[in-house]
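We use all heavy atoms of the structure for the numbers below, so side chains are in, but hydrogens, waters and symmetry mates are not.
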Amino acid sequence: MMLSFCAEDSHRTPGAVSRRMGKSATKGGTSAPKCTYEKAVPQPPESNLAMKDGKRRGGKGAVYRVVCPATGRVGTVWIPTGGTPAEPAMDPEVVAQKAVDQMKLAGPAIASPRAAGKYTVGVPLWLWVSKSPTTFGPNTATATAGGVTVTATAKVKRIVWRVGDGSTVTCAGAGTPYKAAYGMKDSPSCGHRYTKTSADEPGGKFRLTATSTWTVDWQVAGGGGEAGQLNEVRQTQAQVAVGEVQVVG
């Protein structure tokens, strides 16, 4: 079973562009974005937010997946039996973005390599970042607009390191802090070995970039358990000096 309806997004101004990773949406004129509602088969587990809301409302209905191609919005919502989706006064994902704006998310706080550090060809370089609500998460904020209240929680899903020598390292977490006891071992979670020096690079250092991808899960308060997810990207740049082993004697 599929239902569709049109809803006017009253928040966005003509020409506004979304900041969600991998999708952009522009809106001009008065055409309202179309959303489709498709019943989830099978229904999600009882732990699902929309299912919980349905239980609170008597349990007569089902969870539907909502997709709005024009805005890139994807989520779930509980619809009572015989009911139809209510026309929203505000796109919840727009409100979710307002919550994200309050978080002041920033790029990775690079702990290693250190800005003043000197590293060596062939020696393991352990890559890791310091954790905080603004640089790694989790970070939670609530926003309200047009009668819609959304709570969003953001956390870093992965960090991609471009280490300056043409290599890219993708890490699922913050990385492992190095300790002297580890000696010459490679990092168990996030690391790199340079095979050449940075002597020929501008300033004698490789340019390093750490790009974090944040996953933001949001939920509408009292909104039929409607929830969704969006992504945010942040970046930090640094420089790293790499030399050769100095042999004495």
Engineer: Can you confirm whether the side chains of Q97 and E232 place a donor and an acceptor under 3.5 Å from each other?
Structural biologist: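 Yes, a side-chain donor-acceptor pair sits under 3.5 Å.
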Engineer: Might you point out which heavy atoms bring Q229 and W218 nearest each other, and give the distance in Å?
Structural biologist: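 Shortest heavy-atom separation between Q229 and W218 comes out as N-NE1, 3.5 Å.
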Engineer: Would you say V169 ends up clustered with F206 if hydrophobic residues are merged whenever their side chains have heavy atoms under 4.5 Å apart, either directly or through other cluster members?
Structural biologist: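 Yes; tracing contacts between hydrophobic side chains, which count when under 4.5 Å, links both residues.
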Engineer: Let's go through T170 and W161 carefully: what are the C-alpha distance in whole Å and the side-chain angles of both, what is the deciding distance for side chain to side chain contact (heavy atoms under 4.5 Å, CB included) to 0.1 Å, and is it a yes or a no?
Structural biologist: CA-CA 6 Å; T170 300; W161 299 78; over 6 Å; no
Engineer: To the nearest 0.5 Å, how far apart are NZ in K205 and OG in S198?
Structural biologist: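 Spacing of NZ (K205) from OG (S198) equals 8.5 Å.
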Engineer: Provide the closest heavy-atom pair for K98 versus A143 in the form atom of the first, atom of the second, distance.
Structural biologist: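 Minimum heavy-atom separation between K98 and A143: CB-CB, 3.8 Å.
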Engineer: Name all residues meeting the salt bridge (Lys or Arg N to Asp or Glu O under 4.0 Å) criterion together with R114; count only those two or more places apart in sequence or in a different chain, and write none if there are none.
Structural biologist: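 For R114 there are no salt bridge (Lys or Arg N to Asp or Glu O under 4.0 Å) partners, ignoring immediate neighbours.
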Engineer: Looking at residues at least two apart in the chain, or sitting in another chain, which of them share a ring pair (Phe, Tyr, Trp, His ring centres under 6.0 Å) with W126?
Structural biologist: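 So W126 forms a ring pair (Phe, Tyr, Trp, His ring centres under 6.0 Å) with Y178, Y182.
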Engineer: Is V100 reachable from V220 through a run of hydrophobic residues whose side-chain heavy atoms are each under 4.5 Å from the next?
Structural biologist: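 Same cluster: V220 reaches V100 through Ile, Leu, Val, Met, Phe, Trp or Tyr contacts under 4.5 Å.
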Engineer: Could you give me the CA-CA distance, side-chain angles and deciding distance for S112 and L127, then say whether side chain to side chain contact (heavy atoms under 4.5 Å, CB included) is met?
Structural biologist: CA-CA 5 Å; S112 175; L127 303 168; 5.6 Å; no
Engineer: If hydrophobic clusters are built by linking Ile, Leu, Val, Met, Phe, Trp and Tyr wherever their side-chain heavy atoms come under 4.5 Å apart, do W128 and F136 end up in the same one?
Structural biologist: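 Different clusters: W128 never reaches F136 through Ile, Leu, Val, Met, Phe, Trp or Tyr contacts under 4.5 Å.
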Engineer: In terms of side-chain geometry, is the basic nitrogen of R193 or D186 positioned less than 4.0 Å from the acidic oxygen of its partner?
Structural biologist: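 Looking at R193 and D186, the cut-off is met.
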Engineer: Can you name the residues that form a salt bridge (Lys or Arg N to Asp or Glu O under 4.0 Å) with D165, not counting sequence neighbours?
Structural biologist: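 D165 satisfies salt bridge (Lys or Arg N to Asp or Glu O under 4.0 Å) with no residue once adjacent residues are dropped.
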Engineer: When you look at T151 and T140, which way does the side chain to side chain contact (heavy atoms under 4.5 Å, CB included) test go after all the steps?
Structural biologist: CA-CA 7 Å; T151 297; T140 299; 3.8 Å; yes
Engineer: Report the C-alpha distance between T215 and N231 in whole Å, list the side-chain angles of each, state the deciding distance to 0.1 Å, and finish with yes or no for side chain to side chain contact (heavy atoms under 4.5 Å, CB included).
Structural biologist: CA-CA 5 Å; T215 297; N231 292 318; 3.8 Å; yes
